Structures are given as C-alpha cells and as structure tokens.
Amino acid sequence: MSSSAPHLDPSSTQSAANFTGLSQIRLPVWNYDLAETLISGQAFRWKLSEARTDSEPCPRPSNRSPVGRIRPGEPFDALGIRPSRLAGDRLALPSGPWEGVIDRHWVRLSATEHAILAETAQPASSVSWIENYLQSRVDLETILATFPDDEPMRAAVKACFGLRILRQDPWECLASFILSSTKQIIQIRQIVSLLCERFGEPVAVPPGHSPAHSFPSAQRLCACPEAELRACKMGFRAAYLKGAADMVASSAIDLSKLSAREIGEARESLLRLPGVGRKIADCVLLFAYGFPKAFPIDVWVMKALRKLYFRGRQIPLRRLQRFSEEHFGPFGGYAQQYLFHYMRRRKRGSL
DNA sequence: TGCCAGGCGCACA
DNA sequence: TGTGCGCATGGC
C-alpha cells in the first residue's frame, strides 16, 4: 500500500462566484512553488493563462532567494517559460496564472505568498479534489529531511525548493506517460492537448474563454481507430495507447485497486500493459498513486546518478535501481523529481 | 542538417 | 542478463 506523505493542517476556504463569474478556492500553503511544480514534467496539461498579467515573477517560497524581475515584452519559449535569468540560484519563472483541467474542472491557479488561489468556472461541491491534486497540505520540510545529506541532493533542493509531487488521475497519468516515450516534454504537451481537444468532453469555461476539454476516457480511446490516434502526432505510441485503453476499458486491469496494493504488486500489474515498462510504471506509481518509493529512471536521471554518484561510469540500469532504492530513503520518488528537474535546468542553462 | 527526446518490445548473443 | 535496433515526430 502507498504510504501517505506527512501533512500540515491548514484549512482551505471556498467563496461563491465573484464579479468575474468565477468561484474561488484559497488553499493555504507553505514552501510550495507552484511554477516549479507545474512545469517539472510530471503533468502535461498546464499552460499560462489567457488572462496573465505578464509583469511579476511568480511568488516563491519565502525562505529562499528572491528571483529577478521579468521585463515586460520578453518572449516566452515554447513551454511558456521566459528565457532564464537568474537571481541567486533561482530561475525567473512566469507569474502565471496557470490554466488546466483537473478531472472535469477547468481551473486557473495563481500563487500568492502563502496560498494558492484556484478559480473555477463553476462552484465546486468541495475543495478536497484540488487539495488532493496539488498535495497542498503535504509537509514538504519533513519530506526533504529524509533526503540523503550529500552534495547532489543539497544542490537539487536548493535549486528547486518548493517543488511538489502532484496526485494525478491514474488513467490520465498512465496514458500521458505511454505517450512520453522518446518525446520531449513540449511535444508530449502538444500530443496530450490534441488528444483532449479531439476526444475529450467539453468542460465549463469562463465566458469568452477558448474551449477546454477533459482527458478522454479509456472507453473513448479504445473505440478510436488507431489512425485517428496517430493523427494526434503520437506515431508508434498509438498502438500502445490503444492497447492499454482496451485493457483498462475491458477491466483486464482495474486501475482503481492498485493504490491498495504493495508497490511491487502494483508495478507488476502496470507492466502487463502494452507500452509500459519499468520507467513508465514507476511514473504512474509516483505521480498518480503516490507511492513515495517509486523511482522512475529515465535518461536524465540515469545521467544524473552516473555523473553525481558514480563518477560518470557506465553503471547498468539494474544496479542504479538497487542504488536508488537504498540511497534515497522513504521519499525517494520526491528525491528523483528534484534530481530530474535539476538536471534539466542545468542542461537548459538555467542553472 | 543532424542530434536527441521523462522508452518499449523484440531478437540475438 | 545485456546489447542493439526499429519505431514517428518535431524541437533545437
């Protein structure tokens, strides 16, 4: 069974529709970096809001270095991120707000000093769904305290402080990572966007806003001809996605029951799906089910482990997996995401 | 223009 | 058990 992360106990509040016509939910947070979390390659549906104001950097956890001010008019790159300019060890990130769809809720997220403001097009019956997705009540410092006290981890935490692991819908997470194989994150976002646009259900958006769609169900995708999936630019991954959708829709695998299993059993179940190997299975275990020991090793993490812990030697993947299980502690999955994001930042020249 | 990307499945040694 | 290759596509 997946062990739960340590939790704080602030209370979230919800207010009725305001003059903008949007309902607002205020989530108290501490040490939460919304921008780092949403762009770190664990979810693929977040983009900068159509209503962004464009002038201030995103508020960052207050016990770390402030970031540099962004100059109006600087272009955004393909991911919606401005060319990086550093203040101290932190990247200047766009202010948001960010827009995305969680289940069937269109959501706009903004960060303030000690809260995340979530705006929805329709009043929500509760706040638990968004607290759960954002993991806003998780006590990050307790998790970080379990990381190994070595130089690579200290550097990664310093650079990405406030990054959280989201808790995504299992099918959306699984399907998205099946599509991630040998694709850049920007391309995965494009494929997922096309998939939702063509096969998802429309969701309520603010007046005048462009349409938004839910992530298509397994039932919907298994009914699609493979050629229509390929038309979403996913190439050979279309057969994998369709095969996995078939198994989920036919109940050959019950995604709703994996969270109650031991991590090894849950992983074995996921590995039965076409297009799912150890890496993708661990992504789903970590990002959808919250198994804190799941440690996806992709090309970035493999390079990081070899370079930072084995002096660049060509250590076999199996040995790296054993090393990761032993070295990174009970929240190894969190440590992995910090290393992954840190390495990508360094590669992009933003660190 | 060529390299590479949050891999996987398969054949082969 | 490990290695090499093919698979589509597009960003950089």
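A quick note: this is a predicted structure, and the numbers were derived from the prediction, not measured.
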> With a 3.5 Å cut-off and just heavy-atom distances, do the side chain of Q187(A) and the base of dG10(C) make a donor-acceptor pair?
Replying inline: yes

> Which one, dC8(B), dA5(B), dG2(C), comes nearest to the side chain of Q184(A)?
Replying inline: dA5(B)

> When rounded to the nearest Å, what value does the distance between P atoms of dG4(C) and dG6(B) take?
Replying inline: 22 Å

>> Distance check needed: dG7(B) P versus K279(A) NZ, whole Å only.
In response: 5 Å

> Checking side chain to side chain contact (heavy atoms under 4.5 Å, CB included) for the pair L163(A)/V157(A): CA distance, chi angles, key distance, verdict?
Replying inline: CA-CA 9 Å; L163(A) 169 63; V157(A) 169; over 6 Å; no

>> What's the closest nucleotide to the side chain of K303(A) if the choices are dG6(B), dC8(B), dA5(B)?
In response: dA5(B)

>> With a cut-off of less than 4.0 Å, is there a side-chain N or O of K183(A) near OP1 or OP2 of dG10(C)?
In response: no

>> I want to verify a distance call: between dG11(C), dA5(B), dG2(C), whose nearest atom is closest to the I186(A) side chain?
In response: dG11(C)

> Taking for each residue the nucleotide of DNA chain B with the nearest heavy atom, is it V276(A) or R237(A) whose nucleotide lies nearer the 5' end?
Replying inline: R237(A)

>> For F328(A), run the ring-ring contact (aromatic ring centres under 6.0 Å, His included) check against F147(A), Y338(A), Y309(A) and tell me which one passes.
In response: Y309(A)

> Which value, in whole Å, describes the distance between the P atoms of nucleotides dC5(C) and dC3(B)?
Replying inline: 14 Å

> Under 4.0 angstrom, heavy atoms only, what part of the nucleic acid is G277(A) near: base, sugar-phosphate, or nothing?
Replying inline: sugar-phosphate

> Is K233(A) touching bases, backbone alone, or none of the nucleic acid, heavy atoms closer than 4.0 Å?
Replying inline: sugar-phosphate

>> Rounded to whole Å, how long is the line connecting atom CD1 of I315(A) with atom P of dT1(C)?
In response: 18 Å

> Where the side chain of F236(A) is defined as all heavy atoms beyond and including C-beta, which of dC8(B), dA8(C), dG6(B) is the nearest nucleotide?
Replying inline: dA8(C)

> Taking CE from M302(A) and C1' from dG7(B), how many angstroms apart are they, rounded to a whole number?
Replying inline: 10 Å

> Can you tell me how far C1' of dG7(B) sits from CG of L241(A), to the nearest Å?
Replying inline: 15 Å

> Could you give the CD1-to-C1' distance, from I165(A) to dG6(B), as a whole number of Å?
Replying inline: 12 Å

>> Using atom C1' in both nucleotides, what's the gap between dT1(B) and dG10(C) to the nearest angstrom?
In response: 14 Å

>> From CE of M234(A) over to P of dG10(C), roughly how many Å is that when rounded to an integer?
In response: 12 Å

> Between F340(A) and L273(A), which is nearer to the 5' end of DNA chain B once each is assigned its nearest nucleotide?
Replying inline: F340(A)

>> Using a 4.0 Å heavy-atom cut-off, does Q337(A) contact any base of the nucleic acid, only the sugar-phosphate backbone, or nothing at all?
In response: base

> What's the CH2-P distance between W300(A) and dC4(B), to the nearest Å?
Replying inline: 12 Å

> Between R237(A) and T182(A), is any pair of side-chain heavy atoms under 4.5 Å apart?
Replying inline: yes

> Do the side-chain N or O atoms of Q190(A) get closer than 4.0 angstrom to the phosphate oxygens (OP1, OP2) of dG11(C)?
Replying inline: yes

> Short question: side chain of W106(A), backbone of E119(A) - any donor-acceptor pair under 3.5 Å?
Replying inline: no

>> Are F44(A) and F177(A) an aromatic pair, judged by ring center distance below 6.0 Å?
In response: yes

> dG6(B), dG2(C), dG7(B): which one has an atom nearest the side-chain heavy atoms of P316(A)?
Replying inline: dG2(C)

> In whole Å, what is the span from the CG atom of L179(A) to the P atom of dA8(C)?
Replying inline: 14 Å

>> Quick check: any donor-acceptor pair below 3.5 Å linking the side-chain of S180(A) to the base of dG6(B)?
In response: no

>> Please verify the inter-ring angle class for Y334(A) with F331(A); under 30° counts as parallel, over 60° as perpendicular, anything in between as tilted.
In response: perpendicular

